[in-house]
Amino acid sequence: MAGITPNKRDSFGSKFGVIAAAAGSAVGLGNIWKFPYEVGNNGGGAFLVFYLIFVILIGIPVMTSEFIIGRNAQRNAIGSFKFIKPGKPWFLIGIMGIGAAFMIFAFYGSVAGWTLEYIFQAVKNGFAEKSPAELTDQFDTFVSHPLRPVIWQVIFIALTAGVVLAGVKNGIEKYTKILMPLLLVIILILIIRSVTLPGAGEGLKFLFKPDFSKITGSVILSALGQAFFSLSLGMGTIITYGSYINKKNNLGSTAIQVSIADTLIAILAGVAIFPAVFAFGINPSQGEGLVFVTIPNIFQQMPGGYFFTLIFFILLAVAALTSTISLLEVIVAYFSEEYKISRKKATLYSSLIILVLGVLCTLSNGGVLAEFKIFGRNIWGLLEFTSADILLPLGGLFIVIFVGFAMGSKRVKEELTSQGTFKGKLIPLLMFLVRFIAPIGIALVFLNIIGLLNFG
Ligand code: TRP
């Protein structure tokens, strides 16, 4: 829908559409690719326990805060702050968010492109008869190729732009309503295969039986960081989607439902992966290679492996797409509303910037720009560090402070209860989390990341 203006805005058509779109943003490579390897690296079940605690105590309050800001202002991630507190510097939170969206999309789009290559390889049976070492080789050769990953990345950005161009109702809502349930079905099929493998029980024990002797300060803090990134918080994604939510929707319960959906998908991804990892004697702390190197190896050793590898990477691509849609929508909503340009132009120009940044990222990952370093990091590392490690925690921190202390309790309460439609019995508890627990928690993660404090 071209030409969205703040006073006559597009909105999500149904309650399920809202939840599907926000959950589609949250569920992505963060859940299916990063969550399992974080669990693997951080000792299994105990990491999961802390992750769940942080989703409840910090994730839900931050998400509710973003929904409150967006729906109250009915504007984009920057316009919302300008509208609620005009003439004050709070809009800088939104500027940080737009900057982070460009940076995250740049490297996220690269990994998303890999999922397309792996669908392609799965189709032509390109993993058959390969040992883990050969698959590692295949992965390394692919990611450092000067052209191949770039081509897939361009295709992925174009796909994202196509959906965003179709607008909120015709694009995002329609696609995520189909894609999200499909995602769940594909994971459930994978789980059935995985848990019926001989020796699968060890994997389930690893995931669900907490060994608290494995807990250190750094494990706790990476659980908090993972919860934060996985729920798409701190960048204005949820503010922007919140601005499309119908005034009658209950924001608190929407945040809870989205958080449950996101957490469920992450756990189900773990249930799909770990039993198979243990059944085949793969190292669970393999790191970033867990999906791209180990999974094809696990699946090709099973009957029907060709098919399972294929659906796994389709699943990963779908999850990545609903996340990149939300990254681009934050940018497009901002440029089309604040500068009164059409959504078409806004989408085209921002996609081009993402493309340039993204290609530089991809080429810096073992390719021709690998040796080009700024502050000791390659381009990918620099963008990832600046966005995910600095801008997101900082943004989330300011967002809860804004809703907790600057926006005014009356306004917050009106938004939370939909002008008195809901009783809002849990508001005092929620506000306590928003004002105190969430900011302190996020501050601890942030301080840990920039190395001011070392709990490990
Ligand atoms: N949450 C998504 C994932 O888990 C990634 C993502 C999309 C994101 N939009 C975001 C992360 C905004 C932080 C902020 O893959």
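From a predicted model like this one, the values you see are computed outputs, not experimental measurements.
Evaluation of the side-chain hydrogen bond (donor to acceptor under 3.5 Å, both in side chains) rule for Arg435 yields no partner, not counting sequence neighbours. Under the side-chain hydrogen bond (donor to acceptor under 3.5 Å, both in side chains) criterion, Thr362 pairs with Ser110, Gln153, not counting sequence neighbours. Taking Tyr334 as the reference, Tyr339 meet the side-chain hydrogen bond (donor to acceptor under 3.5 Å, both in side chains) condition, with sequence neighbours excluded.
Looking only at distances, a side-chain donor or acceptor of Glu337 sits under 3.5 Å from a matching main-chain atom of Asn76. Side-chain atoms of Arg71 come within 3.5 Å of backbone atoms of Asn246 as a donor-acceptor pair (strictly under, hydrogens ignored). With hydrogens and angles ignored, the 3.5 Å screen pairs no side-chain donor or acceptor of Ser230 with any backbone N or O of Ala227. Ser323 contributes a side-chain N or O that, together with a main-chain N or O of Val27, makes up a donor-acceptor pair within less than 3.5 Å. Between the side chain of Asn249 and the main chain of Leu251, no donor-acceptor pair closer than 3.5 Å is present.
Residues Ile427 and Phe432 form no side-chain contact, since every pair of their non-hydrogen atoms from C-beta on lies 4.5 Å or further apart. Residues Leu392 and Ile104 form a side-chain contact, since some pair of their non-hydrogen atoms from C-beta on lies under 4.5 Å apart. Residues Ile68 and Thr64 are in side-chain contact: their nearest non-hydrogen atoms beyond the backbone lie under 4.5 Å apart. Taking the side chain as every heavy atom from C-beta outward, Phe142 and Trp152 approach each other to under 4.5 Å. Side-chain contact between Lys423 and Thr417 is absent, with no heavy-atom pair separated by less than 4.5 Å. Taking 4.5 Å as the limit, some side-chain heavy atom of Thr160 sits within range of a side-chain heavy atom of Phe105. The shortest distance between side-chain heavy atoms of Met103 and Met235 does not fall below 4.5 Å. With contacts defined as side-chain heavy-atom distances shorter than 4.5 Å, the pair Phe107/Ser387 qualifies.
Between Val258 and Ala22 the shortest heavy-atom distance is CG2-CB, 3.7 Å. The nearest pair of heavy atoms linking Leu383 to Cys361 is CD1-SG, 3.6 Å. The two residues Pro146 and Leu363 make their nearest non-hydrogen contact at O-CD2, 3.5 Å. The minimum heavy-atom distance linking Asn42 with Phe47 is given by the pair CB-CD1, 3.4 Å. Residue Leu328 comes nearest to Ser350 through the heavy atom pair CD1-OG, 3.9 Å, listed as atom of the first residue, atom of the second, then distance. Across all their heavy atoms, Thr240 and Ala333 have their closest contact at CG2-CB, 3.8 Å.
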**Study point:** Verdict with supporting geometry, Leu316 and Phe292, side-chain contact (heavy atoms from CB on, under 4.5 Å)
**Key:** CA-CA 11 Å; Leu316 204 54; Phe292 288 101; 4.1 Å; yes

Practice item. Go through Arg75 and Ser243 one step at a time and tell me if the side-chain contact (heavy atoms from CB on, under 4.5 Å) criterion holds. Key: CA-CA 6 Å; Arg75 277 160 178 79; Ser243 75; 5.9 Å; no

Point to revise | Chi angles and distances behind the side-chain contact (heavy atoms from CB on, under 4.5 Å) call for Leu29, Thr115 | key: CA-CA 10 Å; Leu29 296 167; Thr115 66; 4.1 Å; yes

Exercise for review: Kindly determine whether Leu184 and Leu268 satisfy side-chain contact (heavy atoms from CB on, under 4.5 Å), including the steps that lead there.
Suggested key: CA-CA 9 Å; Leu184 199 62; Leu268 290 178; 3.8 Å; yes

Exercise for review: Please report the C-alpha distance between Asn41 and Ser285 in whole Å, then the side-chain angles of each, then the deciding distance to 0.1 Å, and finally whether the side-chain hydrogen bond (donor to acceptor under 3.5 Å, both in side chains) criterion is met.
Suggested key: CA-CA 5 Å; Asn41 284 350; Ser285 55; 4.6 Å; no

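Around the NZ atom of Lys247, the shell of radius 6.0 Å holds more than 12 heavy atoms that belong to other residues, nucleotides or ligands. Atom NZ of Lys345 has 12 or fewer neighbouring heavy atoms from other residues, nucleotides or ligands inside a 6.0 Å radius. More than 12 heavy atoms of other residues, nucleotides or ligands sit less than 6.0 Å from atom CZ of Phe405. Counting heavy atoms of neighbouring residues, nucleotides and ligands inside a 6.0 Å radius, atom NZ of Lys82 exceeds 12 of them.
Taking a cutoff of 4.0 Å between a charged side-chain nitrogen and a carboxylate oxygen, Glu414 and Lys410 qualify as a salt bridge.
No side-chain N or O of Thr237 forms a donor-acceptor pair with one of Ser232 less than 3.5 Å apart. Inspection of the Asn378 and Asn365 side chains reveals no N or O donor paired with an N or O acceptor under 3.5 Å. Side-chain contact of Tyr118 with Gln138: a donor-acceptor pair under 3.5 Å is absent, judged by distance alone.
Rounding to the nearest 0.5 Å gives a distance of 6.0 Å between CG of Leu416 and CG of Leu430.
The distance between the ring centers of Phe54 and Phe228 does not fall below 6.0 angstrom. A distance of 6.0 Å or more separates the ring centres of Phe308 and Phe312. Checked against a 6.0 Å centroid threshold, the rings of Tyr349 and Phe335 do not count as neighbours. Taking the ring centroids of Phe398 and Trp90, they lie at or beyond the 6.0 Å cut-off.
Taking the six-membered ring where the residue is Trp, Tyr244 and Tyr241 present tilted rings, their angle falling between 30° and 60°. The aromatic rings of Trp114 and Phe139 sit perpendicular, their planes meeting at an angle over 60°, well past the 30° parallel limit.
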